[in-house]
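Here is the structure we will look at, set down as structure tokens.
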Amino acid sequence: MSKSFFIDTTLCTGCRGCQVACKQWHDLPAEETTNRGSYQNPADLSFDTYKLVRMEEKVVNNRLEWLFFPEQCRHCIEPPCLDTAYDQTAIFKDPKTGAVIFTANTKKHDADAIRDSCPYDIPRKAPDGTIVKCDMCLDRVQNGLEPACVKTCPSGAMQFGDHEKILETAKARLSQVKKSYPQAAIIDPSYIQVIYLTAFDPGLYHKFACAPAGMQRGISRNVALKRMFKPFSAAAKELAG
Amino acid sequence: MTNHWIDIKNSDCILIMGSNAAENHPVSFKYVTKAMEKGASLISVDPRFTRTSSKADIYAPLRSGTDIAFLGGMIKYILDNNLYNKEYTAEYTNASFIVNKDYHFKEGLFSGYQKGEGGTDLGKYDKSKWAFEMDENGVPKKDKSLEHPRCVFRLLKDHFERYTLETVSKITGTSKEDLLRVYKTYSATGTAGQAGTIMYAMGWTQHTVGTQNIRTMAIIQLLLGNMGVAGGGVNALRGESNVQGSTDHCLLWHIWPGYLKTPRASNNSLDAYNKKWTPQSSDPLSANWWQNYPKYSVSMLKSFFGDKADASNQFGYNWLPKVDDDKVYSWFDIFDEMYKENIKGFFAWGQNPACSGSNASKVREAMANLDWMVNVNLFDNETGSFWKGPDMDPSQIKTEVFMLPASAFVEKEGSITNSGRWMQWRYQGPKPLGNSRPDGEIIMELGERLKNQYMNGGVFPEPIVNLKWDYHTNGVYDPHKVAKEINGYFTKNVTVNGKSFKKGTLVPSFANLQDDGSTSSGNWLYCNSYTENGNMAARRSKKDAPNKIGLYPEFAWCWPVNRRIIYNRASVDPKGQPWDKKQWVIRFAGKEEGGKWTSKKWEGDVPDGGWYPLENPDGTRRDDSKHPFIMRKHGFAQIFGPGRADGPFPEHYEPLECPIDENYLNDQKVNPTAAVYSSKADSWASCDPRYPFVGTTYRVSEHWQTGLMTRPQPWLMEMQPQMFVEMSEELAELRGINNGERVKVSSARASLEATAIVTKRFKPFNIGDGVVHQVGIPWHYGWRWPESGKEESANLLTPPSGDPNTRIPETKAFMVNVEKL
């Protein structure tokens, strides 16, 4: 049974325990940063940062809101990055959990095309061309542990479990939250395994919080083309390999 | 905390004011969230919109240093609208007490004021002017109808009559609408069965009116019947994992372990000392728990000096230092004396005064006057390296610094006591690295070496030579032996209340402690924590108490005697039945015959004394009961607090450094009893155009204290890499400052560089007829790290003033300037 996250931004206090836990588990180095006039740091995801709490100050309904969005790979049910690479040795979906996994072989692929194919703008390229992102802490999950970010969250903003159950939890929570926040929504629940609940229009949290219209399933033009040429590209790879 | 962390989930209304729990106590939000899911309201009152505010139902901004005005307005609102719990107020608080005719409040001063004469106090009160009227038996006169013109309740009403919405708003800068929303929402907890809680921290304490900030809230909690109940209480969120434990064990100069008093020079014998500090009550219904004082002080002396202490030598009382009467020895005073070259040696143990002390430049200068300093810490810091810091010339500094590397918390075994008074045992994980050693080991060896030195003679060797110092097992420091010593032993075979105990066994609880030397206890409050049944702090049962409110009585141990919610006798009505039937803390379940209780039985938490309730089911009063506030001399909670240095009622005074010339509530501008230091290094400037903006300091989630443990941590530095100053868009425009640019922040004492965070989360305040801007800076940085040396401590800017009761510095409200570099 596939696994999913539920990230309830209405409970997120922006403490960023998840951001550090992710680096700790994956043994990722800290980036050299400066204060850019914001608490949010680093500025963006990178090959050393798979999880980032985005912070936005917005006036909504005449009230100041400080919006926190713990961003990570959504582990799409039909991942466009996978279709774009079309190379199981580089990007594959773990059959048991549904985790979308990037390997060192991503180095052989066009990083920009893969990043472009992602409706949520997640993958990032290392200097050597390897492409990286959140791996659902697959090693932890396969050993019966929660992902590091979920484990460390003190406020209960993050949950992890079987997809169907998580979806149920998200929907139940949405109906509760709607009482206080009528504009509350859960983002793209049918297409992804990381389900966010936002109190307001997701676009206020982050440009790529939601997939752009028509892109949820990852059938961007590029991907559609790729799919058409699947047999050819596979054959080409074999010839090359 | 009178309550504890888990209990926050039982609240109906959570006020977070003077703290920023989401950022600085992130785990607490687990319980805040649980309460909110059950329908509780969350109110955030803060000069700046914080991560806590982002989760609140109501956010109300206020200017730093105006909390008494804000809360005083709430007291007036509660009284004007009859929202107080009448039975609770009349029965359990001193609202009904009649105050002596000598008491008055005029022109901002309470009766008995004397102006200071050149010392560090601006002035002092003769507190005898605030006494209660006594009846012929020596019991305070009361009027439970609360109508006597000099009863506390009426005096309270008169006192806060001036705190109108208009005046409060003019002072705090909070809009009248916001004030009303907060008052209305919070006061709703005055209904029986509703509970409101306060989560506060240094945002309330670090002011020249710090103690009175908390007193104001305590008065509100008493009027609303929120003390002793589940989801209520007055809850201080401690800033370090074991600061509660270290305070309990006498971190502060004026207390001995268990909140006994440090003896004064005039307490010239043990008898004189015990007599002076043991309160006397003539009311048979007052438990007056401190009447047991001599049992605790003698047991402590027995614990210090063991067999060497006996009645013939006053149990070693004269071996302990006495402080001069009327002299203070606070943090401020230590560095003032060091600055004046009166202190020559200094142990900086687990702290970083070069960054944490208010007016830190003076602290750094003072350290150059030392002959030696021992820095016991995990890493070198700005304190140990002060001699090579900014503006220091190492060739001119004589101080010899010794570094003793200490182990981190995970590398040693022992207990910590959290904010909720839970003493929790923990075990060693990894072994200490390199030459680092647990603090316990370091102090054990230090003590041994001192003893060896004094064996060969010295000035006044008795205290050291006679010290009981046997906490080794096979030559290694043993934390269990210390924990048992703190609990205490029977030192002879004795029979107490008909029960026999053997010499050398552990005392089961402080009710068994004696004043004849037959018991020892390093800290009476912790007696019951390590008994013949084992180490109570190491318990880990997840079984809840029968009331199912999250007390978990067999998980760890809490003082006193594992009582999880203190003052819980006030959670029931005079017949012993809970005000809140659903989330009850304790309830009386004795037998009833003919309208009278005939057997004693309490259920739930450990009750604050197991006596019968005050009343029988038929409403008749019992003479074998006790008033619920057993630690107070008279047994009543103090709305009128005649023991405080700055007045029996709270009153709004401006901070020493403030932006307005006038106090809109009275004729005194600043607290007339504030502590203000005045050496050459102690400058200040109030209502001075050079420093036009209110400044405050705080912490962020990503760093801890002076940053000693977090600044060397790259993942945390990545998130908060630099000293910053937060300001409103309006102020940035006024000063032509762009978001993210480096600016200069200065006060009358010093200046430093910081990155500007221009944010909607700060807004200018409308104060009086003008606009006042405020900025905020974190105090986590210091020149030692990061390597640039440009991220300095906020405490270089903070003022030389403090609270007259505690001498805590006023780091939360002072005046600064901000300008482009």
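Chain identifiers are assigned alphabetically (A, B, ...) following the order of the sequence lines, protein sequences preceding nucleic acid strands; residue numbering begins at 1 within each chain.
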Open item on the list: Under a 3.5 Å distance rule, please check whether B/W715 uses its side chain to pair with a backbone N or O of A/L28 as donor and acceptor.
Closed with: yes

Task: cation_pi(B/R51, A/Y39) dist<6.0 Å, angle<=45 - done: no

Open item on the list: Other residues, nucleotides and ligands only: do more than 12 of their heavy atoms fall within 6.0 Å of NZ on B/K38?
Closed with: yes

Open item on the list: Within a 6.0 Å radius of atom CZ on B/F409, are there more than 12 heavy atoms belonging to other residues, nucleotides or ligands?
Closed with: no

TODO: Mind ranking B/T759, B/V758, B/V700, B/V27 by heavy-atom pairs under 4.5 Å with chain A and telling me who comes out on top?
DONE: B/T759

TODO: Sort out for me which of B/R761, B/E702, B/Q720, B/K30 touches chain A most, counting heavy-atom pairs under 4.5 Å.
DONE: B/R761

- [ ] Between chain B and each of A/Q40, A/E32, A/Q19, A/Q24, count heavy-atom pairs under 4.5 Å; write down the option with the most.
- [x] A/Q24

Task: Side-chain touch A/V20/B/M719, heavy atoms, less than 4.5 angstrom - done: yes

TODO: Among A/M55, A/R36, A/R16, single out the residue with the greatest number of heavy-atom pairs under 4.5 Å to chain B.
DONE: A/R16

Open item on the list: Can you confirm whether B/Q722 sits close enough to A/T34 that some side-chain heavy atom of one is under 4.5 Å from a side-chain heavy atom of the other?
Closed with: yes

Task: Inter-chain contacts: residues 733-740 of chain B against chain A, heavy atoms under 4.5 Å - done: B/N739, B/G740

Open item on the list: So which residue, B/V32, B/T50, B/L716, ends up with the most heavy-atom pairs under 4.5 Å with chain A?
Closed with: B/T50

Task: chain B interface, residue from A/Q176, A/R63, A/E57 that has the most non-hydrogen pairs under 4.5 Å - done: A/E57

Task: A/K58 and B/K760, any side-chain heavy atoms less than 4.5 Å apart - done: no

- [ ] Inspect the surroundings of NZ in A/K178 and state if more than 12 heavy atoms from other residues, nucleotides or ligands are less than 6.0 Å away.
- [x] yes

Open item on the list: Nearest 0.5 angstrom please: B/F29 CZ to A/T13 OG1, how far?
Closed with: 7.0 Å

Open item on the list: Please output the residues of residues 724-732 of chain B in contact with chain A, using a heavy-atom cutoff of under 4.5 Å, in numerical order.
Closed with: B/F724, B/E726

Task: Under 4.5 Å from any heavy atom of chain A - which part of B/A22 - done: both

- [ ] Assess whether atom NZ of B/K820 is packed by more than 12 heavy atoms of other residues, nucleotides or ligands within 6.0 Å.
- [x] yes

Open item on the list: Using a 4.5 angstrom heavy-atom cutoff, name the option from B/E23, B/K34, B/K55 with the most pairs to chain A.
Closed with: B/K55

Task: Region of A/T9 that comes under 4.5 Å of a non-hydrogen atom in chain B - done: backbone

TODO: Please confirm whether the backbone N or O of A/A30 pairs with a side-chain atom of B/E718, one donor and one acceptor, at under 3.5 Å?
DONE: no

- [ ] Working to the nearest 0.5 Å, report the span between CE of B/M723 and CG of A/N35.
- [x] 11.0 Å

- [ ] Could you tell me whether the side chain of B/E37 reaches within less than 4.5 Å of the side chain of A/R173, counting heavy atoms only?
- [x] yes

Task: Nearest-0.5 Å distance, NE2 of residue B/H25 to SG of residue A/C15 - done: 13.5 Å

Open item on the list: Does any part of the side chain of B/S53, heavy atoms only, come nearer than 4.5 Å to the side chain of A/W66, both counted from C-beta?
Closed with: no

Open item on the list: With a 4.5 angstrom heavy-atom cut-off, is it the side chain or the backbone of A/C12 that approaches chain B, or both, or neither?
Closed with: backbone

- [ ] Using non-hydrogen atoms and a 4.5 Å limit, figure out which bit of B/A56 sits close to chain A: side chain, backbone, both or neither.
- [x] backbone

Task: A/T49, part contacting chain B, at a heavy-atom distance under 4.5 Å - done: side chain

